[in-house]
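Single-structure report; data block below.
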2 protein chains.
Amino acid sequence: MKAQSLHGHLDALLLAVLEQGALHGYAIIEALRARSDGSLDLPTGTIYPALRRLERAGHVISSWSTVNGRERRTYELTDSGRRALAGERDGWHRFSATVGRFLGSDTPPSAPA
Amino acid sequence: MKAQSLHGHLDALLLAVLEQGALHGYAIIEALRARSDGSLDLPTGTIYPALRRLERAGHVISSWSTVNGRERRTYELTDSGRRALAGERDGWHRFSATVGRFLGSDTPPSAPA
DNA sequence: CTTCATGCGTAGATAGACTACGTGTCGGTT
DNA sequence: AACCGACACGTAGTCTATCTACGCATGAAG
């Protein structure tokens, strides 16, 4: 999948993966890849700047730790981030409903949690 | 809605509106606005270049006509365009399913045609 | 005659993700 | 011991697609 199409929806995805628990950058990339069956294989040059944007915006906070001699920066959602996520979720639903109206809204209902 | 988020999906939308019949540029804009309840209000500077892209790609063909002393350029889907639309549709479904898996895939099923 | 809706079009700005680098550790292979 | 791949972070510059802001022209309405 062309991640090109992610334009404007990446922040929402990042907030969403962090909703289920704090992760460090590399793990976020793997989480996105895993939960999308490999469709979303985003390069570090996309993820790290995005995370810093989110941190500057106050939606996440980061903290360093050392694991196996490797420096990790772990990101965690803030309250502001949780609110932002709710907004992004809403925006996504409106967006996908609108586009779906043109391209066929029959998105096969993937099994919910 | 920020049309910003359309990035990469605009061509699909254009092909989709043309699927139901040939239209000229201005009418395409109105069709998008109408069928989206005003959510998609795209400026001419977005539409016209996009249509020319599609024409260069062979997905649409245009023809001039004069109506009420006004020059109109009417666009029509080609076979290639129809095939492209099928692909875009497929791509959209995969995309929205993937993103939906993270943001909640519960897109309310809007009534089909 | 001025203004608004219709209708086409281009040039330059802007935004957001991408490519291509660069740094360093750890573990396994040769 | 040298090397290479996985882990883990990060930045600079490019690229693509949409947007903003124009410009031109006709017809109808005030």
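First the proteins, then the strands, lettered A, B, ... as listed; each starts at 1.
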Checklist outcome for this item: Per-nt protein contacts along nucleotides 21-30 of chain D (heavy atom under 4.0 Å; B base, S backbone sugar-phosphate only, - none) come out as -----BB---
Item to check | Strand contacts (DNA chain C) in residues 24-35 of chain B, 4.0 angstrom heavy-atom criterion | outcome: His24(B), Gly25(B), Tyr26(B)
Item to check | For atom CG of Leu42(B) and atom C1' of dG7(C), their distance in whole Å | outcome: 16 Å
Next on the checklist: Among residues at least two apart in sequence or on other chains, which ones pass side chain to side chain donor-acceptor pair (under 3.5 Å) with Ser65(B)?
Outcome noted: none
Item to check | Results of salt bridge (Lys or Arg N to Asp or Glu O under 4.0 Å) for Glu71(A) - residues two or more places apart only | outcome: none
Item to check | Between P of dA8(D) and CZ of Arg52(A), the distance in whole Å | outcome: 18 Å
Output one line per pair: protein atom, nucleotide atom from nucleotides 1-4 of chain D, and distance, for all N/O pairs under 3.5 Å.
none

Item to check | Residues which pass side chain to side chain donor-acceptor pair (under 3.5 Å) with Glu76(A), listed by chain and number, not counting sequence neighbours | outcome: none
Checklist entry - What heavy-atom pair brings Ser80(A) and Ala57(A) nearest, and what distance separates the two atoms? => result OG-O, 4.4 Å
Item to check | Gap between atom CD of Glu88(B) and atom CG of Leu10(B) - 0.5 Å precision | outcome: 10.0 Å
Checklist entry - How long is the line joining CG of Asp11(A) and P of dA17(C), in whole Å? => result 6 Å
Checklist entry - Looking only at heavy atoms, which two atoms of Thr78(A) and Gly58(A) are closest? And how far apart? => result OG1-O, 2.7 Å
Checklist outcome for this item: Minimal heavy-atom distance between His93(A) and Gly104(B), with the atoms involved, is NE2-O, 3.0 Å
Checklist entry - Rounded to the nearest 0.5 Å, how far does CG of Asp37(B) lie from CZ of Arg101(A)? => result 5.0 Å
Next on the checklist: Can you list everything that forms a salt bridge (Lys or Arg N to Asp or Glu O under 4.0 Å) with Arg72(A)? Sequence neighbours excluded, please.
Outcome noted: none
Checklist entry - Closest nucleotide of DNA chain C for Ala50(A) versus for Pro49(B): which of these residues is on the 5' side? => result Pro49(B)
Checklist entry - Whole Å only: how far is the NE2 atom of His9(A) from the C1' atom of dA17(C)? => result 13 Å
Checklist entry - Roughly, in whole Å, what's the span from CD in Glu55(B) to C1' in dG9(C)? => result 14 Å
Checklist entry - Phosphate oxygens OP1/OP2 of dC9(D): is one of them under 4.0 Å from a side-chain N or O of Tyr48(A)? => result yes
Next on the checklist: Check this one for me: any side-chain N or O of Arg53(B) less than 4.0 Å away from OP1 or OP2 of dT16(D)?
Outcome noted: no
Item to check | N/O (side chain, Arg72(B)) to phosphate O (OP1/OP2, dG7(C)) under 4.0 Å | outcome: yes
Item to check | Leu42(B) and its side-chain contact (heavy atoms from CB on, under 4.5 Å) partner, picked from Leu13(B), Leu6(B), Leu14(B) | outcome: Leu6(B)
Checklist outcome for this item: Residues at least two apart in sequence or cross-chain that pass salt bridge (Lys or Arg N to Asp or Glu O under 4.0 Å) with Asp79(A), listed by chain then number, are none
Item to check | Pairs meeting criterion side chain to side chain donor-acceptor pair (under 3.5 Å) with involvement of residues 40-54 of chain A, two or more places apart | outcome: Asp11(A)-Arg53(A), Arg33(A)-Asp41(A)
Checklist entry - Who pairs with His9(B) by ring-ring contact (aromatic ring centres under 6.0 Å, His included), at least two apart in sequence or on another chain? => result Trp92(B), Phe95(B)
Next on the checklist: Counting only heavy atoms and a strict 4.0 angstrom limit, can you tell me which residues of residues 60-67 of chain A come near DNA chain D?
Outcome noted: Trp64(A)
Item to check | Nearest-Å distance for atom pair CD/P, residues Glu71(B) and dG7(C) | outcome: 12 Å
Item to check | Ile47(A) CD1 to dA20(C) P, straight-line distance once rounded to whole Å | outcome: 18 Å
May I have the list of side-chain donor-acceptor pairs in residues 16-31 of chain A shorter than 3.5 Å, sequence neighbours left out?
residue	atom	partner	partner atom	Å
Glu19(A)	OE1	Arg89(A)	NH2	3.2
Glu19(A)	OE2	Arg89(A)	NH1	3.3
Gln20(A)	OE1	Arg35(A)	NH1	3.1

Item to check | Length of the line joining His7(A):NE2 and dA17(D):P, which is rounded to integer Å | outcome: 9 Å
